[in-house]
A.B. asks: 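Would you mind keeping the following structure in view while I ask a few things?
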Protein chains: 2
Amino acid sequence: MEFKSNETIASQIVTYMKKEIFGGRYQAGQKIPPIREFAAFCSVNPNTVAKVYAILETEGLIYTDSTLGKFVNPNKEFLKKKRREYLQSEMAAFKEELKKCGVDEEEFLCLTKQE
Amino acid sequence: MEFKSNETIASQIVTYMKKEIFGGRYQAGQKIPPIREFAAFCSVNPNTVAKVYAILETEGLIYTDSTLGKFVNPNKEFLKKKRREYLQSEMAAFKEELKKCGVDEEEFLCLTKQE
DNA sequence: TGCCTTGTATTATTCGAGTAATACAAGCTA
DNA sequence: TAGCTTGTATTACTCGAATAATACAAGGCA
């Protein structure tokens, strides 16, 4: 896995995992990779993944069944709600940033239609 | 000025300045704040701002007239082109990220229309 | 001329993200 | 029971972003 240097690795992995969950590649209730395994996959220290998982757990996206491992929250409605909130907040932030570049509604529409 | 902790300060200031320029709050040819002054404004070390300005200069957005200071590139067409490239690449990246969350064209349209 | 502002550069230091290497507890399973 | 896998925790270390404190060169200006 590749990481940018201007953002913390943990932050990038958190974002990655959210997309995996919201994108349905980790389904509700499904087990996610053990810390050590995922750390190896990312070529990253287990402590870093532990921190990532802790953040995801705080947000309620995953839970811990020690000693079976970590699992995606089985509540599909909750995940749906979280996904919607995430997308809406991302969209709002994005539009806000574009506005700072002087992008109005018309130009925004034009941009969304590109290729 | 406020900074997030999961991204380097320099990177955040680079983004900030690009938006100031692309948004026209620093016009083509206009002088931008001296390193020391802008560092004070951001409550940041002058070295950090120097690095930021060096990055912006590498991208051709600003130039140096020592010893008068730093100025926005006076070529309006160039700035327009850079702005367009920036916006298009931001939009492409954004759509790509949403796609990973399982957002299709229809949902994307719906999201853009929110609030 | 002499001061001020400007950018540029350097050295040493601080601080926190990430690493490395363990160790421990608890439960599943053969 | 014994071993494996799981999460959790701890300590020491590395490395780079950012800071702190200067110093220097060059041009504008009073």
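So that the names make sense, note that chain A is the first sequence line, chain B the second, and so on, each numbered from 1.
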A.B. asks: A:Val44 side chain: which of D:dA18, C:dT19, C:dT8 is closest?
C.D. replies: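 Nearest listed nucleotide: C:dT19.
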A.B. asks: If you check the B:Thr67 side chain, which of D:dA17, C:dT6, C:dT8 turns out closest?
C.D. replies: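 Minimum distance to the B:Thr67 side chain belongs to C:dT6.
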A.B. asks: Quick test of your reading of the model: are A:Glu20 and B:Lys100 salt-bridged, counting only N-O distances below 4.0 Å?
C.D. replies: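 Result for this pair is no, no salt bridge flagged.
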A.B. asks: From CD1 of A:Ile32 over to P of D:dG7, roughly how many Å is that when rounded to an integer?
C.D. replies: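 Between P of D:dG7 and CD1 of A:Ile32: 8 Å.
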A.B. asks: In whole Å, I'd like the distance from the CD1 atom of A:Ile13 to the C1' atom of C:dG18.
C.D. replies: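 It works out to 10 Å between those atoms.
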A.B. asks: Whole-Å distance between D:dG28 C1' and B:Lys31 NZ?
C.D. replies: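 After rounding, the gap between these two atoms is 12 Å.
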A.B. asks: For C:dT8 and B:Lys70 - does any side-chain N or O of the residue sit under 4.0 Å from the phosphate oxygens OP1/OP2?
C.D. replies: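 For C:dT8, OP1/OP2 do have a side-chain N/O of B:Lys70 under 4.0 Å.
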A.B. asks: Treating B:Gln12 as the side-chain partner and B:Glu7 as the backbone partner, does any N or O pair qualify as donor plus acceptor under 3.5 Å?
C.D. replies: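 Pair found, side chain donor or acceptor close to backbone of B:Glu7.
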A.B. asks: Taking the basic N atoms (NZ, or NE/NH1/NH2) and the acidic carboxylate oxygens, is any pair closer than 4.0 Å for A:Glu85 and A:Lys81?
C.D. replies: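 Counted as a salt bridge, because a side-chain N and a carboxylate O are separated by less than 4.0 Å.
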A.B. asks: Rounded to whole angstroms, how far apart are CD on B:Glu37 and C1' on C:dT5?
C.D. replies: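 Going from B:Glu37 (CD) to C:dT5 (C1'), I get 11 Å.
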A.B. asks: Please confirm whether the backbone N or O of B:Cys101 pairs with a side-chain atom of A:Arg25, one donor and one acceptor, at under 3.5 Å?
C.D. replies: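 Pair absent, no side-chain N/O of A:Arg25 close to backbone of B:Cys101.
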A.B. asks: Measure the distance from CD1 on B:Ile9 to C1' on C:dG16 and round it to the nearest whole Å.
C.D. replies: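 Taking CD1 of B:Ile9 and C1' of C:dG16, I get 12 Å after rounding.
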A.B. asks: Over how many whole Å does the gap from B:Lys51 atom NZ to C:dT8 atom C1' extend?
C.D. replies: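 In whole Å, C:dT8 C1' and B:Lys51 NZ are 15 Å from each other.
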A.B. asks: Between the base of D:dA18 and the side chain of B:Asn47, is there a donor and acceptor pair under 3.5 angstrom?
C.D. replies: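 Looking at the base of D:dA18, it does not pair with any donor or acceptor on the side chain of B:Asn47 (distance under 3.5 Å).
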A.B. asks: When we call it a touch if two heavy atoms are under 4.0 Å apart, what does B:Ala50 touch: a base, just sugar-phosphate, or nothing?
C.D. replies: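 Result for B:Ala50 = nothing.
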A.B. asks: Return the value, rounded to whole Å, for the distance between atom CZ of A:Arg36 and atom C1' of D:dT6.
C.D. replies: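 My rounded result for the distance is 7 Å.
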A.B. asks: Which is more 5' along DNA chain D, the nucleotide nearest A:Ser66 or the one nearest A:Ser5? Just name the residue.
C.D. replies: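 Checking each residue's closest nucleotide, the 5'-ward one belongs to A:Ser66.
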A.B. asks: CG of B:Asn45 versus C1' of C:dT14: gap in Å, rounded?
C.D. replies: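 In whole Å, C:dT14 C1' lies 12 Å from B:Asn45 CG.
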A.B. asks: Look only at the side chain of A:Lys95 and the backbone of B:Thr112, and say whether a donor-acceptor pair between them is shorter than 3.5 Å.
C.D. replies: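 Flag set: sc A:Lys95 to bb B:Thr112 pair under 3.5 Å.
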A.B. asks: Quick check for you: among C:dG18, D:dG7, C:dG7, whose closest atom lies nearest to any side-chain atom of A:Ala10?
C.D. replies: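 The answer is C:dG18, which lies nearest to the side chain.
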A.B. asks: OP1 or OP2 of D:dT19 sitting under 4.0 Å from any side-chain N/O of B:Thr48?
C.D. replies: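 For D:dT19, OP1 or OP2 has a side-chain N or O of B:Thr48 closer than 4.0 Å.
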